[in-house]
K.L.:
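Next up is a structure, given as structure tokens.
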Amino acid sequence: MYQHHWVGTEQEKLPVGKIVCVGRNYVEHAQELNNPIPCEPLIFMKPSTCYQHFEGRIELDRSLGEHHYEAELALLVGEQIDKHHLQPLSAIKGIGLALDLTLRDEQTKLKNQGHPWERAKAYDGSCPITPFTAVSAVAELENLEFQFWQNDQLVQYGQTNLMIFSFEKLVKSITQFCTLLPGDVILTGTPKGVGKLEDNAYLSLQLNDAPKFDAHLTLR
Ligand code: ZN
């Protein structure tokens, strides 16, 4: 069973909540998929059955089709945030990294039909996620960078100052219509470089210059 983990000393134990995802938050990623630059954040969700630990081994169902990676900064919500919260970022307690896995062919088909994306985005195991670093342990919450490698090849690099919408704007925009609860996670969008996951791949994620998180992918 998935539980949120922490890097280093164990912090507060939080429930496993919903995953609120942001699409097209980096200009060059919107362009690589021929999508327009949004004027407000594009929001979708993954249920809690999508989580799996990005630690040790990751397993995905090969019968679903090609799984594509989108590496993203993940914010762990520590207390309830609604639209009346005056300091919404103070309620973010952890920073992690996640893969917003996507069945890209299925998503393209659904998009073209004007249908919702759940079949392409909300399947079991579609959110491998690292342990969280306490926000108190990072120098600046809004000044972070991250990298993602597949088989020792650097495929994605992102940093908060390349984002179209800052963390604060994202949280304010989400909570206009949806209350965030302790244990919820926000995936803040992917930079350019998305692509297909290879069977048997060795995957690594790194936040700033902290030690990398490693995982080995098996398609079953
Ligand atoms: Zn994404």
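Every number for a ligand or one of its atoms is a count from 1 in the order of the listing. FYI, the numbering just counts along the sequence from 1.
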K.L.:
Side chain to side chain donor-acceptor pair (under 3.5 Å): which pairs involve residues 12-23, sequence neighbours left out?
P.N.:
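Qualifying pairs: Lys18-Asp184.
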K.L.:
Sub-3.5 Å donor-acceptor pair from the side chain of His4 to the main-chain atoms of Gly183, do we have one?
P.N.:
yes
K.L.:
For residues 120-134, which residue pairs pass the side chain to side chain donor-acceptor pair (under 3.5 Å) check, not counting sequence neighbours?
P.N.:
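Residue pairs passing side chain to side chain donor-acceptor pair (under 3.5 Å), neighbours aside: Lys46-Ser126, His67-Tyr123, Glu70-Lys121, Asp100-Lys121, Thr102-Lys121.
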K.L.:
Keeping waters out of it, list the protein N, O or S atoms under 2.8 Å from the Zn ion (ligand 1).
P.N.:
Glu70 OE1, Glu72 OE2, Asp100 OD2
K.L.:
Using atom types as modelled and distance alone, determine if a side-chain donor or acceptor of Asn151 lies under 3.5 Å from a backbone N or O of Ala201.
P.N.:
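Side chain of Asn151 to backbone of Ala201: no pair is present.
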K.L.:
Quick one: list whatever passes side chain to side chain contact (heavy atoms under 4.5 Å, CB included) with Ala91, sequence neighbours left out.
P.N.:
Glu79, Ile81, His85
K.L.:
With a 3.5 Å distance limit and no angle check, can you tell me whether Gln156 reaches the backbone of Ala71 through a side-chain donor-acceptor pair?
P.N.:
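Yes, because the side chain of Gln156 sits within donor-acceptor range (under 3.5 Å) of the backbone of Ala71.
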